[in-house]
Asks: 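Dumping the structure here so I can ask a few things about it.
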4 protein chains.
Amino acid sequence: MQSPKQPIGRPRENRVDAAIRAAVRELVPRVGYAGLTMDAIAAEAGIGKAAIYRRHTSRGELVFSVLVHGRKTRSLPDTGTLAGDLTALADLILGIFTDPVTAAATPGLLADLQQQPDIAARFQERFVAEERALISALLERARQRGELAAAADPVLVHAAVLGTAYAWLFLLAQPPTPALASRIAALGEAAARGH
Amino acid sequence: MQSPKQPIGRPRENRVDAAIRAAVRELVPRVGYAGLTMDAIAAEAGIGKAAIYRRHTSRGELVFSVLVHGRKTRSLPDTGTLAGDLTALADLILGIFTDPVTAAATPGLLADLQQQPDIAARFQERFVAEERALISALLERARQRGELAAAADPVLVHAAVLGTAYAWLFLLAQPPTPALASRIAALGEAAARGH
Amino acid sequence: MQSPKQPIGRPRENRVDAAIRAAVRELVPRVGYAGLTMDAIAAEAGIGKAAIYRRHTSRGELVFSVLVHGRKTRSLPDTGTLAGDLTALADLILGIFTDPVTAAATPGLLADLQQQPDIAARFQERFVAEERALISALLERARQRGELAAAADPVLVHAAVLGTAYAWLFLLAQPPTPALASRIAALGEAAARGH
Amino acid sequence: MQSPKQPIGRPRENRVDAAIRAAVRELVPRVGYAGLTMDAIAAEAGIGKAAIYRRHTSRGELVFSVLVHGRKTRSLPDTGTLAGDLTALADLILGIFTDPVTAAATPGLLADLQQQPDIAARFQERFVAEERALISALLERARQRGELAAAADPVLVHAAVLGTAYAWLFLLAQPPTPALASRIAALGEAAARGH
DNA sequence: CGGTAATCGAGACGGTACGTCTAGTCTTAAA
DNA sequence: TTTAAGACTAGACGTACCGTCTCGATTACCG
């Protein structure tokens, strides 16, 4: 009987994973998602292409892993009010979208998701579901406080907050403003209240 | 002094433009934006690749032209209420996003916009500015009716309606529901009222 | 009933023929046979491509026509001796091969002949047969003078003189020397005498 | 100090070189030199185009390599007489020129040599110099036998034998005859004797 | 401690699309 | 009907990238 965590042969080097991650984060802002080639990543990281494909099945999966893996699991503080919680959420999302690496990679990554159902599924599981959980929690807190009468639809709140931020930055190409988070939060609140 | 419409040599054939457009609309839903190759377009259209490159500088510019050119200039009816006008707007946007061709091409097209400033500029001029004008007009109508007290920010309304629709369909991968347009319109109204 | 030499419509301009010829002779030494494109010829000549194709069926036929047409019909003087006649022949051939335009075009032209039987036939008729006639004539003169006993093979004499000159210049890449013509003539004489 | 035979990475496969060579030899007689495309070679060989360009810089270099590499290094027997040695040489050259592959490729290859000095240099080194050495050797043998009085010019002998064979087959388009080699050898002897 | 097995960097492999170029044909308005 | 200009189809060019494979060398565990 063999232990599940006892692979034979030479073990993988963490150094390689780190080098891949660093190379992607270095290259994406410089050459964009479309210009991000596997050869360039391997060269930048000083490793072989096979070492990448041993860890990732495709370029989309690679970039997704790098972007998601680098993020610490997020949590939102209980600010005591629905408006405050939603502003914190909007701040979190805007922070992700305005990070240079994420900003450069996101549109290209979303394009890949349309073609690769497996990565799309992972995106839903890792990214969407996690944010959804945060939203469901803050809505539940608001209901218990009495700020919300009936059950709000977390999907619509999610779409309102995430989508408005995305459209502002990537579709309308507007620069982020200091008041943006609270304005988006107000939309989220409207979505929660359903009026 | 030369007339602006006096080109010499053989004029370009409209047949070719039409064939390119038809081929793109045929291929995009079938193979996706990423799988849309210039060779395949030329073969499907029964034309030479040079005829494409004579008209379009890149694949992104080509798809953008096809998608935008095909659209008739849109207008919104005056429904008599802000809510009605915004629902018509949301219907319009959802109609664009759920069209099979647009749906398959949009994420990839937006990814290309990040890398090609000239196309991004045309996208802003042709697509964003046109929708913005519709929004500004309906907001002005609402103000004259007395539905809106002060001046609303058309950019935020735009981001709310466009972004929520985009996120619902492409980020959260939710199917469109019958009530979606009116729910999005409610968000747009909240953005207009600023609360 | 229509006269055979009475074409209707606008007559062809000799200017165009001259411009084509001049353009080819200008371009061939500069860009070589391989770099000689129809577009470049048309641009250099300041004419349309259709005007070229109205006169010539292909690029090979065009260059062949220009090179052969430009030559005046050649004749050889009766020097009084077989050696003298053959030296004059060798001089003639070396003159053709060392002309800058002919030198640059000849190898490429011969390559085309392998693929295009119609031009190969014209080459045999116009170029080979004409030289063959000169050789047959000078051999007949030598026979009548008594310099040659029996009938010599004009084909072998032709191959000896033409081939040695061609090989010297194009295969062995040797520079022409003052004595070359008389040395080649000696080989022609040996071919004529059959020893 | 590094060993000359220490390449890193995956070594090139001899199978690929062999497949390229076989494809060229298969295609050249069928489609001619002008019709020999890199795509067709790659398809016929069942390899990628990159594998060809990794080994050869141009089509001319490729065909030249294939034709020269396939040939075993040639040598001539000492037949005991100058006439015999030259007949063997003429036979050798006629054998090369009448080989289907060489016959189809030679004129096109020579045309390319005019434009590509590097290949022309290799042609001189590998092909011309090798034949020249054979000629110099047989002339020296004849001198030691007493068949030749003074020093003969090997270049003229070379031009006479090589050029007459080339002109007979490719310029005059004559079929080879049984007596051709000895007739060409007689011309070579005349070139050697200088009369 | 020697054998087994998976790793490493490097780069060749087949395949495919790119954007450019050329050949030869066709179409325009003007002459 | 010819002219200059230039668009047209077809297809080859040489480059670049993908994802896989192969090399010699390395690095762990196993017996």
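Both backbone and side-chain heavy atoms feed into the values below; hydrogens, waters and symmetry mates do not. Order of the sequence lines fixes the chain letters, A, B, ..., with proteins taken first and strands second; residue numbering starts at 1 for each chain.
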Asks: I need the residues from residues 111-122 of chain B with at least one non-hydrogen atom less than 4.0 Å from DNA chain E; give them sorted by number, or say none.
Replies: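 The answer is none.
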
Asks: Give the table of side-chain donor-acceptor pairs shorter than 3.5 Å for residues 46-55 of chain D, with sequence neighbours excluded, one pair per line with atom names and distance.
Replies:
residue, atom, partner, partner atom, Å
D:Arg55, NE, D:Asp17, OD1, 3.0
D:Arg55, NE, D:Asp17, OD2, 3.2
D:Arg55, NH1, D:Ala51, O, 3.0
D:Arg55, NH2, D:Glu13, O, 3.3
D:Arg55, NH2, D:Asp17, OD1, 3.3

Asks: For the side chain of B:Arg15, counting heavy atoms from C-beta on, which of E:dC13, F:dC8, E:dC8 is nearest?
Replies: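 When the side chain of B:Arg15 is considered, F:dC8 is the closest of E:dC13, F:dC8, E:dC8.
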
Asks: Pair up each side-chain donor or acceptor in residues 32-40 of chain C with any protein partner under 3.5 Å, not counting sequence neighbours, and list the distances.
Replies:
residue, atom, partner, partner atom, Å
C:Tyr33, OH, C:Asp112, OD2, 2.3
C:Thr37, OG1, C:Ala40, N, 3.0

Asks: Ring pair (Phe, Tyr, Trp, His ring centres under 6.0 Å) with D:Phe170: which residues, sequence neighbours excluded?
Replies: D:Phe97, D:Tyr166

Asks: Round to the nearest Å and state the distance from B:Ile52 atom CD1 to F:dA7 atom C1'.
Replies: 14 Å

Asks: CG/C:Leu67 to CZ/C:Arg21 distance, rounded to the nearest 0.5 angstrom?
Replies: 11.0 Å

Asks: Just jot down the side chain to side chain contact (heavy atoms under 4.5 Å, CB included) partners of C:Thr57, sequence neighbours excluded, or say none.
Replies: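 With sequence neighbours excluded, C:Thr57 shows a side chain to side chain contact (heavy atoms under 4.5 Å, CB included) to C:Glu61, given in chain and number order.
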
Asks: Please figure out whether B:Ile47 or D:Pro11 has its closest DNA chain F nucleotide nearer the 5' end.
Replies: B:Ile47

Asks: To the nearest angstrom, how far is A:Asp17 atom CG from E:dT7 atom P?
Replies: 11 Å

Asks: Taking CD1 from A:Ile41 and C1' from E:dG11, how many angstroms apart are they, rounded to a whole number?
Replies: 17 Å

Asks: What's the NE2-P distance between D:His56 and F:dG14, to the nearest Å?
Replies: 13 Å

Asks: Could you measure the distance from the CG atom of B:Leu110 to the CD1 atom of B:Ile119? Nearest 0.5 Å is fine.
Replies: 11.5 Å

Asks: Assign each of B:Glu13 and A:Gly46 to its nearest nucleotide of DNA chain E by heavy atoms, then name whichever residue's nucleotide is nearer the 5' end.
Replies: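 Its nucleotide being nearer the 5' end, the pick is A:Gly46.
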
Asks: What distance separates B:Asp118 CG from B:Phe123 CZ, expressed to the nearest 0.5 Å?
Replies: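 Separation between the atoms: 14.0 Å.
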
Asks: Rounded to whole Å, please give me the gap between CD in D:Glu61 and P in F:dG14.
Replies: 12 Å

Asks: How would you list, by chain and number, every residue that makes a side-chain hydrogen bond (donor to acceptor under 3.5 Å, both in side chains) with A:Arg126, sequence neighbours excluded?
Replies: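 Per chain and number, A:Arg126 pairs via side-chain hydrogen bond (donor to acceptor under 3.5 Å, both in side chains) with no residue.
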
Asks: Tell me every residue that passes side chain to side chain contact (heavy atoms under 4.5 Å, CB included) with C:Ala23, counting only those two or more places apart in sequence or in another chain.
Replies: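 With sequence neighbours excluded, C:Ala23 shows a side chain to side chain contact (heavy atoms under 4.5 Å, CB included) to C:Ile41, C:Glu44, C:Ala45, given in chain and number order.
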
Asks: Not counting sequence neighbours, which residues clear side-chain hydrogen bond (donor to acceptor under 3.5 Å, both in side chains) with B:Thr106? List them please.
Replies: none

Asks: Does the protein touch nucleotides 16-23 of chain E at the base, only the backbone, or not at all? Give it as B, S and - per nucleotide, heavy atoms under 4.0 Å.
Replies: -SSBB-SS

Asks: Holding to side-chain hydrogen bond (donor to acceptor under 3.5 Å, both in side chains), I want the full list of residues that pass it with D:Ser58, two or more places apart in sequence or in another chain.
Replies: D:Gln116

Asks: Within less than 4.0 Å of OP1 or OP2 of F:dG19, is there a side-chain N or O belonging to A:Arg55?
Replies: no

Asks: Using atom names, set out every protein N or O paired with an N or O of nucleotides 1-6 of chain E below 3.5 Å, distance rounded to 0.1 Å.
Replies:
residue, atom, partner, partner atom, Å
E:dA6, N3, A:Arg10, N, 3.4

